[in-house]
Amino acid sequence: MVDESYAFVVVSNRLPVDRVVDDDGTERWNQGPGGLVTALEPIMREADGAWVGWAGAPDLEHEPFDRDGIRIVPLTLSQDDIERYYEGFSNDTLWPLYHDVIAPPSYHRIWWDSYVSVNQRFANAVAGITAHGGTVWVQDYQLQLVPRMLRQLRPDLTIGFFNHIPFPAYGIFSQLPWRTQIVEGLMGADVIGFQRVADAGNFSRAVRRLLGYTTKSPYIDIPARGEHPSRRVVAKAFPISIDAQAFEQLARRPEVQARAAQIRQDLGNPTTIMLGVDRLDYTKGIGHRLKAYHELLGDGRLVAEDVMLVQVASPSRERVETYRQLRDEIELTVGRINGDFGVLGHEPVSYLHHGFPREEMAALYLAADVMLVTALRDGMNLVAKEYVAARFDDDGVLVLSEFTGASDELRQAVLINPHDIDGMKDAIVRAIEMPRPERRRRMRALRKRVRENDVAHWSREFLRTLARHSDGPSEGLGELEWTLERRPRS
Ligand code: G6P
C-alpha cells in the first residue's frame, strides 16, 4: 500500500507517456500519440488524478512520478507477462475475437491464467492508491477483469469502464472459453461504455445469455444475492473522438501548410494523392485497399503517372505471428504494384513502415486529395476524424468503411464495403472525380460533426453518466462534476 491517494484514477494497459532513453543514457517521457490523455489531462490535473499503466518495456521498474500535474504510476510486466497477457491473450485471443474473427483467435489456458494474474495486479495497484470514495476509470479490452476485482477490494469506489474496440455479437463472443468470467469482470463497473450502439447491444445480450440478468437499455439489473444488494449498471455507447480544435490549429500553422506543399512537390506533383494511415494491423483492410488500387491501375481507370498512394503503416505488435505474416503480405503486394506500374522516378505506392510526429501527419492530411479508411472492423478509427479535423480548407474526400465505428457518425463520407472490391474501386474513382462543390458540402458537414463531438465531449458525457449512476456519495466524482461544470465547452 502506497501512502498517497488520489480521488480520480485512470488505468490502462499502456501509460499515456512513452519512456525514451537518449544515447547519453538520460531518460525522457514523451507523450504518446493517443488523444485520451489530451482529453483527460485537464480533468485529472484538477481532480487530483493518477494514471496507472505499463511503461511499455519488459521488466522495467520505475517509481511513480509527476508529469504535467498528473501522477504517473508505472506497473512492471515481466517478459512472461508480455508474452502471455499482452501478446497472447490480449492481442492473439481477444483482439481477433472482438474484431469478428478476421484472423483466427488462439485459446490457451496458460495465456488466460496470465491475463487473470496481471489484471489482479492492475486492480491491486489501483486499490492501493485510490482515495476513499474515489473514482476509477478502467480503459480497454486488456483490463476487462479489473472492474470486478476492484469492486471486491474496494466496494467504496465508483468504477467506469470503456471498451475502445468492438464488442462482438454473441455468436462470436460465445467461442471464448472464459466468456462468463469476462462478462462478470466487466459487470463490476457502474458504467460500461462502448463505441457504438451495436456494441452495447451485443454486450447486453451476452449478459442476458450468460448471467440471466434483466436488461432494459441502457440498464442492466443485477438482483440482490446474499449480502450483496441489487445493483444497476449502465451499458451505453459513448463514441470516442479527438481533440479536433488542436488538430485544426496544427494544420493551420504556416510551417505545416508549407510542408504539405513540399510533400506534393516531392511526390512529383501528381494530379491525385491518396493516403492511408494505419497501424500495421489485419483489421485495417490494407490488403483490400491495395488490391483495389492495383486493379484500377491494371484496368487503366487510373494512370500511374497521375496518381500516388502514400501508405503509412506504423509498426505494431511485431512479435505476434499474425502481424508478421501481414507485414510480409503487404510488402509483397506493394512491391508487385510498384514493379508492375512504376517507371523510373515514379512509383505508384509510397510505403512508409514507421510512425510520424503529429505535425507531419497534419501535413500529409492536407496534402492528400483522398483519404482511404478501409478497415474490415474498427472500434472507431480516429484517423478518419483527424483527416476531417485537419481539412480547414473544406476540401479533400474521405472514403470510409462501413465497418468502422466512425461511419455511424461520418455519414457524409463516401461509405464503402471493403469486401466488395468492385464497389470500392468505383468509390475511389468517384472520390477522385468528385466536383469541388460536392467535396466542400460533404467536408463541411463532416467537420461540423467532428468539431461538436470532440474528445472533451466524450469524456464529459461518460463521467457525467458515471457521476449520476454511482451509488451513494462519491468524493472523487463530486469534484469531477464540479470540474466538468466549470470547463468551457470547446
Ligand atoms: C488500439 C487499442 C489500444 C492500444 C492501441 C495500440 O487502439 O484499443 O488499447 O493501446 O491499439 O496497440 P498496442 O498493443 O501497441 O498498445
Side-chain angles (χ1 to χ4, degrees), residues 9-16 18-19 51-62 73-99 101 103-129 136 138-154 159 161-168 172-189 192 206 210 279 281-283 316-325 379:
V9 177
V10 172
V11 52
S12 58
N13 173 56
R14 237 177 233 287
L15 281 170
D18 289 332
R19 182 169 172 269
W51 198 311
V52 177
W54 171 45
D59 296 307
L60 180 70
E61 305 217 3
H62 203 288
V73 185
L75 209 115
T76 307
L77 293 186
S78 69
Q79 193 58 52
D80 266 3
D81 295 334
I82 293 171
E83 279 167 25
R84 295 172 186 177
Y85 147 78
Y86 169 70
E87 290 162 355
F89 199 78
S90 295
N91 290 318
D92 208 7
T93 304
L94 293 173
W95 182 269
L97 182 74
Y98 281 30
H99 288 87
V101 298
S106 311
Y107 301 114
H108 295 299
R109 285 163 284 185
I110 198 165
W111 290 359
W112 164 253
D113 293 343
S114 172
Y115 186 80
V116 175
S117 79
V118 173
N119 269 249
Q120 188 68 60
R121 257 154 50 210
F122 272 90
N124 295 347
V126 172
I129 62 158
V136 178
V138 185
Q139 308 289 329
D140 229 354
Y141 63 101
Q142 303 95 340
L143 302 178
Q144 292 173 100
L145 304 179
V146 170
R148 179 168 198 249
M149 290 169 166
L150 205 51
R151 182 169 293 278
Q152 281 169 344
L153 291 164
R154 294 286 307 273
I159 304 167
F161 178 91
F162 187 78
N163 194 53
H164 292 251
I165 69 172
F167 195 90
I172 290 174
F173 181 69
S174 58
Q175 281 188 16
L176 188 67
W178 307 280
R179 58 197 187 188
T180 307
Q181 292 95 313
I182 291 285
V183 165
E184 280 174 344
L186 290 169
M187 286 296 288
I192 310 172
L210 294 167
R279 261 186 322 101
D281 194 296
Y282 51 82
T283 58
S316 186
R317 305 173 189 164
E318 291 186 285
R319 288 156 41 96
V320 178
E321 184 53 31
T322 337
Y323 286 76
R324 287 191 191 167
Q325 283 172 14

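Predicted model, so just to flag it, every value in this text is computed and none were measured.
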Would you say the side-chain atoms of [X] pair up with the backbone N or O of [Y], donor to acceptor, closer than 3.5 Å?
X      : Y      : value
Asp281 : Thr283 : yes
Arg279 : Ser316 : no
Asp140 : His164 : yes
Tyr115 : Gln144 : yes
Arg324 : Glu318 : yes
Thr93  : Ser106 : yes
Arg19  : Ala55  : no

Measuring from atom [atom1] of [X] to atom [atom2] of [Y], what distance do you get when rounded to the nearest 0.5 angstrom?
X      : Y      : atom1 : atom2 : answer
Tyr141 : Leu94  : OH    : CG    : 8.0 Å
Met187 : Ile192 : CE    : CD1   : 5.5 Å
Ile182 : Leu97  : CD1   : CG    : 9.5 Å
Ser90  : Tyr85  : OG    : OH    : 5.0 Å

message = Does Leu60 have more than 12 heavy atoms from other residues, nucleotides or ligands lying within 6.0 Å of its CG?
response =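 Enclosed: over 12 neighbouring heavy atoms sit under 6.0 Å from CG of Leu60.
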
request  = Please indicate whether Glu61 has more than 12 foreign heavy atoms, meaning atoms of other residues, nucleotides or ligands, lying under 6.0 Å from its CD.
outcome  =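 Result for CD/Glu61: open.
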
query = Taking the six-membered ring for Trp, are the ring centroids of Trp95 and His99 within less than 6.0 Å of each other?
reply =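 Aromatic pair counts; centres sit under 6.0 Å.
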
request  = Compute the ring centroids of Tyr282 and Tyr323, then answer whether they are less than 6.0 Å apart.
outcome  =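 Judged by ring-centre distance (under 6.0 Å), Tyr282 and Tyr323 do meet the cut-off.
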
inquiry  = Does anything in residues 172-181 form a side-chain hydrogen bond (donor to acceptor under 3.5 Å, both in side chains)? List the pairs, not counting sequence neighbours.
reply    =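 Qualifying pairs, neighbours excluded: Tyr107-Gln175.
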
ask   = Which residues pass the side-chain hydrogen bond (donor to acceptor under 3.5 Å, both in side chains) test with Ser12, sequence neighbours left out?
value =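 With neighbours one apart ignored, the set is Trp51.
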
inquiry  = Between Asp113 and Arg84, does any side-chain N to carboxylate O distance fall below 4.0 Å?
reply    =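 No.
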
message = I need the minimum non-hydrogen distance between Leu75 and Arg121, along with the two atoms involved.
response =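 Of all heavy-atom pairs spanning Leu75 and Arg121, the closest is CD1-O, 4.2 Å.
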
task = Could you pull out all residues at least two apart from Asp92 that satisfy salt bridge (charged side-chain N to carboxylate O under 4.0 Å, His left out)?
result =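 If we apply the salt bridge (charged side-chain N to carboxylate O under 4.0 Å, His left out) test to Asp92, skipping adjacent residues, there are no hits.
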
